[in-house]
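Computed over heavy atoms, backbone and side chain alike; hydrogens, waters and symmetry mates excluded. Because the structure is a prediction, the values reported are computed rather than measured. Numbers restart at 1 for each chain; the letters A, B, ... are given by sequence-line order, proteins then strands.
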There are 2 protein chains.
Amino acid sequence: MKILVVDDDRDLLELVAFALAQAGFGVVKAMDTRAALATFDAELPNLVILDINLPSGSGLDVCRAIRERSTVPVMMLTVRSEEEDLVKALEIGADDYLTKPFSPRTLLARVRALLRRAGLEAGDALAAGSLRLDLESHSLRIGDEASIRLTRLETRLMQLLIAQAGKVVSAERLLAHVWGQRGSGDRQLLKQLVHRLRQKIEPDPAAPRYLHTEPGVGYRLGAD
Amino acid sequence: MKILVVDDDRDLLELVAFALAQAGFGVVKAMDTRAALATFDAELPNLVILDINLPSGSGLDVCRAIRERSTVPVMMLTVRSEEEDLVKALEIGADDYLTKPFSPRTLLARVRALLRRAGLEAGDALAAGSLRLDLESHSLRIGDEASIRLTRLETRLMQLLIAQAGKVVSAERLLAHVWGQRGSGDRQLLKQLVHRLRQKIEPDPAAPRYLHTEPGVGYRLGAD
DNA sequence: CCGGACGGTTACAAAGTGGTTACGCCGCGC
DNA sequence: GCGCGGCGTAACCACTTTGTAACCGTCCGG
């Protein structure tokens, strides 16, 4: 279970991250809005904890941007004086909030409650149709077949496709997820990766059964 | 299982020591930084509980000194007002913390969690499949064969692999477990250790039967 | 028709990963 | 002091993964 924590106060960030890690959660960190969104795209966390006031633009903007691409639970951190912001945050789609200062114990209780509410408690088993992806071992299982070993990049590609199974995912978004900043605009990278992945997972790579092309848009994982 | 407790407050020290002894742990005590390090070297405890503010220099210094010579789990004791110190402690390499006041029950739960995480919980015998590892004597037994003597590092490696038998363990995690902070990022260290271990335990080191490589991820102990 | 955009494919180069050999340092018992 | 085991470091090799370029067909608007 992976949690993204966004806060510009390094001490608080580390403390929250540590408390979560202690409790067995995977943690990724970001200290400004740009890094927050980049990390979100790269890591696809199961939950986001977001300080409402960041120096580089508001945490509200980050929350809004996240809501445009995902329904992941979002928890906002606020200080008491920001109650109007809080209302806005909940309107935008934040799921819960915590008023500073708070104890790690409270934080954990709220996080668990959110995850339970989102029905995400059980592991990170990432699956769609007959496809099951194991992020730990970089392996993909199709139905009852022997599992296929994927490379690092192939795993990241499948991760986003499975998370969005059945929906078209734009080439731009896939590039950002797999390569981050660097791959931006480079269709050839994606073309190659898709080709190589199809060779591995498709019974007939020329007539894809799982990884479909949506001309002019991007790719889509067949819901089967 | 031996635990070192360091605190200048005699009452608290005795209370903690009593709770631990009650739960069946061996306890050694120290009341200042000098005694703490001397006792650590003399007793080589399996876990250290360390008050963060000692009159004779900070508990942080003690923690740092311990980290220079060992990856033993360290738990810090703090009061709520010392949160910056806490962040420093975690950076230095402390593994957990407890905010005073705390109940003996909480203390024990945390101590057990730490030991479990370090893979030190169940007696001294760890086993998986036909492999049995004796942490005391640093020896490994495969089925009914004569037991093989392992070095200190080889033992630590096997310890984590056996604890996670059948599952892939990332190179990063193995490095952290065997070398602590210092080994971070150094693949060559792990490469060598695995090589040497395979020479000792594998019938055919070129085609490993127990210690399998998971390319791009880490290693896995065959469930056999 | 022509030409360009686009996606798939082939080919090859560059970078990374893991296994192996070799060597040097250090602490320790003899 | 010497030899030795344990460990760190570097270098080499084979292989895999990833990046880059070029070529091919199809589709489509002029």
State which of [options] makes the closest approach to the side chain of [X].
X	options	result
A/K191	C/dT9, C/dT20, D/dT9	C/dT9
B/T213	C/dG18, C/dT9, D/dT18	C/dG18
A/L153	D/dA10, D/dG19, D/dC7	D/dG19
B/R149	D/dA10, D/dG8, D/dG6	D/dG6
B/R187	D/dG19, C/dT9, C/dG18	C/dG18

Does a side-chain N or O from [X] land closer than 4.0 Å to OP1 or OP2 of [N], or not?
X	N	result
B/R196	D/dG6	no
A/W179	D/dG19	yes
A/T151	D/dT18	yes
A/H195	C/dT9	yes
B/Y219	C/dT17	no
B/R198	C/dG19	yes

Take atom [atom1] of [X] and atom [atom2] of [N], then tell me their distance rounded to the nearest Å.
X	N	atom1	atom2	result
A/L157	D/dG19	CG	C1'	16 Å
A/Q199	C/dT9	CD	C1'	9 Å
A/Q188	C/dT10	CD	P	13 Å
B/L190	C/dT17	CG	C1'	12 Å

If you count the non-hydrogen atoms of other residues, nucleotides and ligands that lie under 6.0 Å from CD in A/Q181, is the total more than 12?
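It does not: A/Q181 CD has 12 such atoms or fewer within range.
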Touch class at under 4.0 angstrom, heavy-atom based, for B/L193 against every strand present:
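Answer is nothing: B/L193 stays at 4.0 Å or more from every strand.
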Between A/R152 and A/P205, just flag the one whose closest nucleotide in DNA chain C comes earlier from the 5' side.
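Nearest nucleotide further toward 5': that of A/P205.
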Considering heavy-atom distances to DNA chain D, does B/P215 or B/R182 have its closest nucleotide positioned more toward the 5' end?
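Checking each residue's closest nucleotide, the 5'-ward one belongs to B/R182.
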Looking at [Y] and [X], is any side-chain nitrogen of the basic one under 4.0 Å from a carboxylate oxygen of the acidic one?
X	Y	answer
B/D95	B/R67	yes
B/E214	A/R149	no
A/E202	A/R209	no
A/D41	A/R69	yes

Distance-only donor-acceptor test (3.5 Å): side chain A/Q192, base D/dT17:
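In this structure, the two groups form no donor-acceptor pair.
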